[in-house]
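Structure first, commentary second.
These values consider heavy atoms only, across backbone and side chains, with no hydrogens, waters or symmetry-generated copies. All of these numbers come straight from a predicted model, not from anything done at the bench.
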Amino acid sequence: MPGSLSPALFQQAVLAWYDDYGRKNLPWQQNLTAYRVWVSEIMLQQTQVTTVIPYFENFILVFPTVEALALAESDEVMHLWTGLGYYSRARNLHKAAKMIVSQFGSQLPDSTELLMTLPGIGRSTAGAIVSTAFNQRATILDGNVKRVLSRYAGISDWTGSKKAETQLWELAEFYTPAVNCRPYTQVMMDLGATICTRTKPRCEACPLQVSCAAFASGNPLNFPGKKPKKTIPVRKGHLLLLQLATGAIFLEKRPPVGIWGGLWSLPAYEGNLENLTAECQHRYGLVIEKMCFLDSLRHTFSHFHYDITPIHATVVHSEQAIYESSEHIWYDLESPPRVGLPRPVKTLLMGIN
DNA sequence: AAGCCGTGGGT
DNA sequence: TACCCAAGGCT
């Protein structure tokens with residue numbers, strides 16, 4: 001019967017494949033430490049390997065140890081996360097580093113239970129750290145494993161549904177070996193990433209082909225089921241590039257939670273453009289001398305589109321101007337401060353001459 | 001328990 | 001273009 005191998009045979013099949021074809025040269029697989037594994041796992045949440053690699057290299061160079069991260073400035077951490085998205089991951093990573101130093105003697109815990117007490121580490125990430133960093137038995141269930149197991153067992157529900165999640169966790173636990181935990185975890189992700197891909201699975205090269213329910217069905221793309229789609233709304237607004245004669249541009253700190261939390265952003269202006277001059281004067285103590293509209297752009301978040309019309313304005317300080325505070329900085333394009341910037345803000349700043 | 005949270009790759 | 005969705009977690 002498809003989808004019903006014994007754990008021993010299942011493990012044997014995928015581990016043999018791993019020896020020949022598994023990934024062994026990823027940056028976080030070199031100089032393997034629990035800290036490096038942890039950082040990589042956080043960066044890899046909802047993010048593709050090719051995107052993560054340069055961020056990982058950079059981050060580890062600046063913060064080679066958990067102690068270094070714990071002692072870091074928040075702005076520096078966010079700076080190294082600029083463009084990677086899901087910035088709560090960076091805030092939680094920093095917070096967790098401080099907890100690891102203060103509560104765990106600077107050593108990452110080797111149990112899923114303790115790891116899950118740290119912010120940003122859920123069930124799957126905890127399993128990945130325990131199995132990969134410590135080579136101890138623990139189960140992961142990320143997007144790759146969900147897809148592999150859904151096809152193998154012929155589960156046609158969307159993997160995000162509670163029913164499918166429960167079933168998939170059970171299957172994942174069932175097939176997790178007591179030994180060879182590190183290569184087993186890696187191969188399950190490798191299969192999902194390189195063989196059992198979303199749109200073009202290479203079933204002819206899959207070690208599970210002969211016992212795969214989706215392959216037996218004739219159309220593996222029917223598994224897993226699709227996520228129920230919903231159209232995301234469009235929001236419109238302006239981002240203000242307020243520039244002094246010195247070239248410096250005004251940035252304000254985003255609230256600690258929510259979109260772009262903890263990053264430095266261009267002021268957003270949603271109001272009536274006729275009031276723009278007065279608002280700039282009132283909010284920031286800045287007098288607009290001349291202004292122009294820049295080309296509009298669409299930035300898409302996970303749950304809405306943001307149609308941005310940037311406005312560039314040359315400004316001078318008025319009497320009650322804000323020069324510098326914990327909430328505002330002047331961004332010097334010549335010697336840019338190391339702070340976290342949202343992607344479109346960074347793009348706009350780079351485009352100013 | 002759905003909605004919130006980014007950005008980029010692939011098609 | 002527009003759409004799907006990535007090595008998910010938190011509330």
*On a whole-Å scale, what distance lies between the C1' atoms belonging to C:dT11 and B:dT7?*
22 Å
*asked:* Would you say the rings of A:W264 and A:H79 are close, in the sense that their centroids are separated by under 6.0 Å?
replied: no
*Between A:Y55 and A:V257, which has a closest nucleotide on DNA chain B that is more 5'?*
A:V257
_Approximate separation, where rounding is to 0.5 Å, of A:R89 CZ and A:M43 CE_ = 8.0 Å
*With heavy atoms under 4.0 Å as the rule, sort A:G258 into base, sugar-phosphate or nothing.*
sugar-phosphate
*Roughly, in whole Å, what's the span from OH in A:Y306 to P in B:dC5?*
13 Å
*Is there a ring-ring contact (aromatic ring centres under 6.0 Å, His included) between A:W330 and A:H317 once you walk through the steps?*
CA-CA 12 Å; A:W330 287 95; A:H317 286 115; 5.5 Å; yes
*Can we call the ring centroids of A:F59 and A:F56 under 6.0 Å apart?*
no
*Report yes if at least one side-chain N or O of A:T125 is closer than 4.0 Å to OP1 or OP2 of C:dA7; otherwise report no.*
no
*Contact class for A:Q186 vs. all strands (heavy atom < 4.0 Å): base, sugar-phosphate, or nothing?*
base
*C:dA6 C1' sits how many Å from A:N144 CG, rounded?*
8 Å
*Rounded to the nearest 0.5 Å, what separation is found between the OH atom of A:Y269 and the CD atom of A:E279?*
5.0 Å
*Side chain of A:N92: nearest nucleotide among B:dG8, C:dC10, B:dC5?*
C:dC10
*Kindly point out which of C:dA7, B:dT7, B:dC5 is positioned nearest to the side chain of A:W260?*
B:dT7
_Using ring centroids (six-membered ring only for Trp), state whether A:W260 and A:Y87 fall under 6.0 Å._
no
*Select one nucleotide: of C:dA7, C:dC10, B:dG6, the one nearest the side-chain heavy atoms of A:L44.*
C:dA7
*Describe the nucleic acid contact of A:T50 in one word from base, sugar-phosphate, nothing, applying a heavy-atom distance below 4.0 Å.*
nothing
*What integer distance in Å separates A:R89:CZ from C:dG9:C1'?*
11 Å
*Looking across every strand, which nucleic acid part, if any, lies under 4.0 Å from A:S302 by heavy atom: base, sugar-phosphate, or nothing?*
base
_Nucleotide B:dG9, atom P - distance to CG of A:L84 in whole Å_ = 12 Å
_Which nucleotide in C:dG9, B:dC5, C:dA7 has an atom nearest any side-chain atom of A:Q45_ = C:dG9
*Send over the distance from A:E41 CD to C:dG8 P, rounded to a whole Å.*
9 Å
*A:Q46 side chain: which of B:dG6, B:dC5, B:dT7 is closest?*
B:dG6
_Please determine whether a side-chain nitrogen or oxygen atom of A:H299 lies at a distance below 4.0 Å from atom OP1 or OP2 of B:dG6._
no
_Nearest-0.5 Å distance, OG1 of residue A:T159 to NZ of residue A:K226_ = 13.5 Å
*Just call it for A:V145: base, sugar-phosphate, or nothing, with non-hydrogen atoms closer than 4.0 Å on any strand.*
nothing
_Using the ring centroid of each side chain, check whether A:F215 and A:F223 are separated by less than 6.0 Å._
no
_For A:K200 and A:Y87, find the nucleotide of DNA chain B closest to each by heavy atoms; which residue's nucleotide sits nearer the 5' end?_
A:Y87
*Could you work out the separation of B:dC5 and C:dC5 based on their C1' atoms and round it to a whole Å?*
15 Å
*Just checking, is any N or O donor in the side chain of A:T309 or A:S296 under 3.5 Å from an acceptor N or O on the other one?*
yes
*If the C1' atom of C:dG9 is compared with that of B:dA1, how far apart are they to the nearest Å?*
14 Å
_Gap in Å between the two C1' atoms, one belonging to C:dA6 and one to B:dG6, rounded_ = 12 Å
*Can you check the A:I259 CD1 to B:dT7 P distance for me, whole Å?*
8 Å
*Using the ring-ring contact (aromatic ring centres under 6.0 Å, His included) rule, take A:F250 and A:Y331 through it: C-alpha gap first, then chi angles, then the decisive distance, then the call.*
CA-CA 6 Å; A:F250 190 77; A:Y331 189 90; over 10 Å; no
*In whole Å, what is the span from the CH2 atom of A:W38 to the P atom of C:dG8?*
18 Å
*Can you check the A:W81 CH2 to B:dG6 C1' distance for me, whole Å?*
12 Å
*Checking all strands, does A:I140 fall into the base, sugar-phosphate, or nothing category for heavy-atom contacts under 4.0 angstrom?*
nothing
Contact list (N/O, under 3.5 angstrom) for nucleotides 1-5 of chain C vs protein:
from  : atom 1 : to     : atom 2 : distance (Å)
C:dC4 : O2     : A:R198 : NH2    : 3.4

*Take atom C1' in B:dA2 and the same atom in C:dA7, then report the distance between them in whole Å.*
23 Å
*asked:* Side chain of A:H303, heavy atoms from C-beta onward: which of B:dG9, C:dA7, B:dC4 has the nearest atom to it?
replied: B:dC4
*Under 4.0 angstrom, heavy atoms only, what part of the nucleic acid is A:L26 near: base, sugar-phosphate, or nothing?*
base
_Is it the case that the base of B:dG6 and the side chain of A:T47 share a donor-acceptor contact (distance under 3.5 Å, atom types as modelled)?_
yes
